[in-house]
Structures are given as C-alpha cells and as structure tokens.
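Written below as structure tokens is the structure these notes are about.
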Amino acid sequence: MQTTKNRAELAHEEAFIFALAQGAERERAEEFAGEYVNVLEDRAGEIPYPDAPAPTPEEVWIS
C-alpha cells in the first residue's frame, strides 16, 4: 500500500526526470519537482470535475 509520502516521492521523481528531459538544469529540475508536488498537494483537497485525474508534470510544466 502506498502512503501519501510515497506518492509524493514518486511524483517528485517523475517531475524531476521530466524536467531534465526538457533540458532543465538539475537545480531547476529540482525546483520544478517541488513545485509539481505542491500543485498535487493543493489539488488533493479539491473535488475534481468530473473526476479529472491529477495533472501530469507536462501539464504543470506548460502552465
């Protein structure tokens, strides 16, 4: 069973790898990964309409 911490760590890693693939420096990729986890945490309390999935790193990168 995944805990919230595990999900956050996995999301952070996914976003970090995504940012590096986009050509970001390691420092910027780390910063983006933190921002991505914050977005997910902010949206965790929202009721998605209609049951929309969490945004992907690409969606947050673009916005």
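Remember, predicted model here, so these are calculated numbers, not experimental data.
- Using a 4.0 Å cut-off between a side-chain N of Lys or Arg and a carboxylate O of Asp or Glu, Arg7 and Glu41 do not qualify as a salt bridge.
- Between Pro57 and Phe32, the shortest heavy-atom distance links the atoms O-CZ, 3.4 Å.
- The salt bridge (charged side-chain N to carboxylate O under 4.0 Å, His left out) check on Glu13 picks up nothing, with sequence neighbours excluded.
- Closest approach of Pro55 and Val39 over heavy atoms only: CG-CG1, 4.0 Å.
- In terms of heavy atoms, Ala29 sits closest to Ala24 at N-CB, 4.2 Å.
- Distance check, rounded to the nearest 0.5 Å: CD of Glu30 to CD of Glu25 gives 13.5 Å.
- Once rounded to the nearest 0.5 Å, the distance linking CD of Glu59 with OH of Tyr36 reads 8.0 Å.
- Listed by first and then second residue, the ring pair (Phe, Tyr, Trp, His ring centres under 6.0 Å) pairs that reach into residues 11-31 are Phe18-Trp61, sequence neighbours excluded.
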